[in-house]
Protein chains: 2
Amino acid sequence: MVVETICIGTEILLGNRHHTNANYLAQEYAKLGLSTYAQSVVGDNEERIMEALRLALSRSDLVVLNGGLGPTQDDITKETVAKLLGREMHSDEVTKKHIEEYFRTRGQVMAECNLRQTMIPEEARILDNELGTAPGILLNLSEEESARFRKTTGEIQTIILLPGPPEELQEMWQKRVVPYLQKRSGEFIYSATVKVCGRTESEIAEILDDVIRQNGEVTVAPYARTGEVHLRVTAKAADEKTAKKLVKPVVKEIKTRLGDSVYTTDEDVTLEKAVVDLLLANELTVTTVESCTGGLIAGRLINVQGVSEVYKSGFVTYSNKAKRKLVGVKRKTLDKYGAVSEQTVREMVGGATLFNRADVAVAVSGIAGPDGGTEEKPVGLVYIAVSVCGVVTVKEYHFIGNRAMIRERAVAAALDQMRRCILEYYSKLTFGKEE
Amino acid sequence: MVVETICIGTEILLGNRHHTNANYLAQEYAKLGLSTYAQSVVGDNEERIMEALRLALSRSDLVVLNGGLGPTQDDITKETVAKLLGREMHSDEVTKKHIEEYFRTRGQVMAECNLRQTMIPEEARILDNELGTAPGILLNLSEEESARFRKTTGEIQTIILLPGPPEELQEMWQKRVVPYLQKRSGEFIYSATVKVCGRTESEIAEILDDVIRQNGEVTVAPYARTGEVHLRVTAKAADEKTAKKLVKPVVKEIKTRLGDSVYTTDEDVTLEKAVVDLLLANELTVTTVESCTGGLIAGRLINVQGVSEVYKSGFVTYSNKAKRKLVGVKRKTLDKYGAVSEQTVREMVGGATLFNRADVAVAVSGIAGPDGGTEEKPVGLVYIAVSVCGVVTVKEYHFIGNRAMIRERAVAAALDQMRRCILEYYSKLTFGKEE
């Protein structure tokens with residue numbers, strides 16, 4: 001099945017908003033084994049939406065449009081698709097109730113303009129939006145409708161309209177569209193993700209060169225993330241069991257080669273969840289003392305549901321005084337080595353552990369820039385200390401990028417270092433017991 | 001002049017590589033006052049490159065292709081463009097020397113495959129590549145060539161081919177393409193952004209209905225962000241001065257209608273920067289005490305360069321014990337009203353102000369879910385307290401979405417509340433003085 005994405009929205013054309021949806025959908029197509037050969041972006045303009053849709057329908061089985069389903073005058077996606085197909089629009093009562101309910105639960109009254117969002121083309125399947133007001137829409141084309149666009153005959157053509165806000169689109173895609181596509185497709189695709197941190201994409205590409213190159217039934221594709229690389233292993237077969245059987249040995253081989261750098265093979269486990277799971281499994285509590293990352297490590301840990309079992313409190317110690325007052329870094333240490341130093345993060349982590357009575361602590365101090373760098377301590381220099389039951393490990397990092405990127409990379413490195421230090425601590429304990 | 005981008009490369013289609021070039025070019029077009037209405041991405045495939053190019057030439061004056069100029073067999077952009085136009089390719093001696101020189105200065109010998117990069121279509125203008133081997137190419141279409149594609153007659157059509165690596169593309173764009181376009185273009189575009197927080201997109205659409213609907217020389221387009229809406233006001237004129245003159249009264253009208261909800265009209269100012277700027281201007285220090293947002297407010301404030309003047313330290317108080325121990329919330333308050341209550345955030349903000357000796361403090365406590373909600377205190381309920389020089393304001397919010405969205409929305413609301421409370425505090429001070 002060939003699928004094509006059309007993103008609608010002047011803000012993408014103006015470079016104001018990134019192609020989040022196009023990238024997300026591209027990766028989802030790969031997971032489902034759908035082929036995709038083209039993508040387009042058009043503004044909220046009837047003629048150009050029609051042109052893009054005509055071209056897409058001439059060559060693709062499934063066309064996924066996103067954006068332009070909002071309540072304002074310039075949101076015209078639904079109306080334009082209906083017009084191209086020659087279908088009438090009608091107000092949908094269920095959708096209207098859903099939108100009214102959406103506002104009621106927020107203590108608001110539905111605005112007049114939201115009535116536009118209740119209008120649906122004829123013979124449409126409505127895709128519920130749990131996170132917003134715009135419903136998604138799925139339209140199967142009749143043979144006559146398809147004949148106007150496509151060059152050759154083929155399977156039933158489908159147009160899917162999704163809302164523009166990424167979280168709404170992603171929720172709807174997972175809950176409404178994926179089940180529909182799985183049912184429709186005869187072939188079974190199974191894919192597993194191996195999530196890796198602490199290694200660059202090039203390092204991984206070299207270690208796995210032959211595995212990635214192999215042209216068999218199983219494909220391995222790397223996707224770079226901030227501080228992480230995800231490897232997607234995919235196989236296509238007549239049934240689920242056969243596809244899984246093909247994927248399994250390849251995942252095993254990757255895990256063997258990359259060792260500790262693999263932090264999970266579970267799609268739903270993020271790096272912060274892997275850390276929280278390790279803490280929970282070992283009944284450890286954790287605290288954070290952050291300078292340049294200023295709360296972002298705590299922020300990521302606390303995004304994990306159930307974190308309250310392990311995370312109680314943390315500090316943001318941005319100034320030198322805060323480092324002294326809140327976690328007891330010595331004035332002498334700051335004077336002699338500076339705030340960005342191995343010695344300072346070592347004292348930060350020590351003080352935090354004592355004061356918060358936590359088993360594990362992480363401390364970060366670095367130069368995120370753009371100012372503040374020197375020849376000796378350049379922008380991007382970050383020290384991270386991790387303490388696990390009193391065993392402290394300090395590492396020096398050099399990150400590149402702008403202020404936001406350096407901070408994000410430091411957060412990922414800190415989470416990875418926590419993970420590795422906990423694993424190492426327990427591996428040594430076990431070793432000791434065996435002796 | 002209407003311009004359109006075509007990105008060529010299978011890796012973009014697969015979601016492996018972000019749309020760096022498309023976003024860069026979009027922003028460059030806006031700067032130069034070029035209109036752009038569509039964008040497409042196709043793989044390295046002759047038929048689809050031709051389809052995209054035909055559609056683009058039917059409606060645009062300038063088509064910028066990027067990618068597919070490399071030395072390998074799957075790089076076919078140049079050949080495909082030449083084929084579509086019916087132009088011959090020839091080997092270019094100057095380009096050949098440039099590529100040989102490129103390798104010589106790197107102590108390497110030109111590979112056989114790089115000879116493909118010396119091939120140029122007839123009557124092309126070559127754009128030197130200072131950072132790589134692939135030359136850029138600029139082709140002006142003859143009237144006969146244009147007549148095959150475009151619907152109406154117009155100015156000379158131009159196709160520009162740029163290399164895919166972003167640094168090469170950007171260098172070539174700035175040094176070779178911009179001077180060419182500036183010479184050629186007569187029109188000027190000016191746009192301003194009005195950033196709004198604390199109001200939904202629908203509310204804004206209703207308040208500005210007639211402003212957004214007007215079909216004059218000035219367009220107003222709203223873009224939703226998490227907890228914010230950005231309004232882009234754009235005008236086109238013969239010169240910069242006239243365009244600015246058209247935009248100015250519309251921006252003023254929007255500011256009048258939306259009042260305090262407009263936090264900036266500066267493209268580079270984020271919501272957190274607006275808060276930090278207000279603090280700096282009034283010589284105030286700030287601290288944070290976060291429960292459900294767990295460090296994310298601090299994280300955003302600290303992303304502002306120069307924040308060290310105002311932000312010294314903050315707390316993450318996720319557990320009840322941490323709320324008691326670190327910021328002195330009374331056990332009785334927690335027992336009687338619960339951690340998520342007006343009373344608790346009021347005590348949190350009080351304790352933080354005292355302990356960190358800050359002028360301004362923000363405290364957040366809420367239920368981010370998915371667990372922990374009750375009928376009385378549902379998921380999404382968040383209390384935010386802001387203290388400005390001892391004047392405390394507490395607000396109750398109801399956010400929707402998943403755990404991450406509720407937290408993000410709470411962060412935006414907290415920043416907005418800080419901004420409004422500081423403004424209000426000083427507006428009252430001035431009033432007092434006048435009496």
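A note on names: the letters A, B, ... follow the listed sequences, proteins ahead of strands, and every chain is numbered from 1.
When each of B/Arg300, B/Gln39, B/Glu201 is scored by its heavy-atom pairs under 4.5 Å with chain A, the top score falls to B/Gln39. Of the listed residues (A/Phe315, A/Tyr24, A/Tyr29), the greatest number of heavy-atom pairs within a distance under 4.5 Å of chain B belongs to A/Phe315. Note: B/Val42 leads B/Val42, B/Asn45, B/Thr288, B/Thr226 in heavy-atom pairs under 4.5 Å with chain A. When each of A/Ala298, A/Ser40, A/Gly314 is checked for heavy-atom pairs under 4.5 Å with chain B, A/Gly314 comes out on top. When A/Gly43, A/Gly294, A/Gly70 are compared by the number of non-hydrogen pairs under 4.5 Å with chain B, A/Gly294 comes out ahead.
Only the backbone of B/Val304 comes within less than 4.5 Å of a heavy atom of chain A; no side-chain atom from C-beta onward does. B/Thr317 touches chain A through its backbone: at least one of N, CA, C or O sits under 4.5 Å from a heavy atom, while the side chain does not. With a 4.5 Å cut-off on non-hydrogen atoms, B/Cys292 touches chain A through its backbone but not through its side chain. Interface remark: B/Leu55 contributes side-chain atoms only to the contact with chain A (heavy atom separation under 4.5 Å). Heavy-atom distances place both the backbone and the side chain of B/Asn303 under 4.5 Å from chain A. Heavy-atom distances place both the backbone and the side chain of A/Thr36 under 4.5 Å from chain B.
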Applying side-chain contact (heavy atoms from CB on, under 4.5 Å), run through A/Glu171 and B/Met405 and close with a yes or a no. CA-CA 12 Å; A/Glu171 177 93 0; B/Met405 283 161 69; over 6 Å; no

Residues A/Tyr102, B/Ile400; criterion side-chain contact (heavy atoms from CB on, under 4.5 Å); working and verdict: CA-CA 9 Å; A/Tyr102 172 92; B/Ile400 53 148; 3.0 Å; yes

Working note: B/Phe355 + A/Leu326, criterion side-chain contact (heavy atoms from CB on, under 4.5 Å); need CA distance, chi angles, decisive distance, verdict. CA-CA 10 Å; B/Phe355 195 82; A/Leu326 297 183; 3.6 Å; yes

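Summarising the geometry of A/Leu296 relative to B/Gly299, their closest heavy-atom pair is CD2-CA, 3.6 Å, with the distance given to 0.1 Å. Nearest heavy-atom pair, B/Arg403 versus A/Val307, reported as atom, atom and distance to 0.1 Å: NH2-CG1, 4.2 Å. Scanning all heavy atoms of the two residues, the minimum distance from A/Asn114 to B/Ser202 falls at OD1-OG, 3.9 Å. In plain terms, the two heavy atoms of A/His19 and B/Asn23 that are nearest each other are CE1-OD1, 3.2 Å.
Within 6.0 Å of the CD atom in B/Glu396, the count of heavy atoms belonging to other residues, nucleotides or ligands exceeds 12. Atom CD of B/Glu309 is surrounded by 12 or fewer heavy atoms from other residues, nucleotides or ligands within 6.0 Å.
The distance from the OG1 atom of A/Thr72 to the CG atom of B/Leu208 is 11.5 Å, given to the nearest 0.5 Å. We find the CG-CD distance between A/Asp371 and B/Gln305 to be 4.5 Å, quoted to the nearest 0.5 Å.
A salt bridge between B/Lys151 and A/Glu51 is present, with a side-chain N of the basic residue lying under 4.0 Å from a carboxylate O of the acidic one. Ion pairing between a basic and an acidic side chain is recognised when a charged N comes within 4.0 Å of a carboxylate O; A/Arg59 and B/Glu47 show no such pairing.
Two residues are said to be in side-chain contact when any heavy atoms from C-beta on lie closer than 4.5 Å; A/Arg407 and B/Ile302 meet this criterion. B/Lys325 is not listed as a side-chain neighbour of A/Ser313, based on a closest heavy-atom distance of 4.5 Å or more. Two residues are said to be in side-chain contact when any heavy atoms from C-beta on lie closer than 4.5 Å; A/Lys312 and B/Val316 fail this criterion. The closest side-chain heavy-atom distance from A/Asp74 to B/Pro222 is below 4.5 Å. Looking only at side-chain heavy atoms (C-beta outward), A/Thr287 and B/Tyr318 stay at 4.5 Å or farther from each other.
Under 3.5 Å, the side chains of A/Glu167 and B/Asn402 contain no donor-acceptor pair of N or O atoms.
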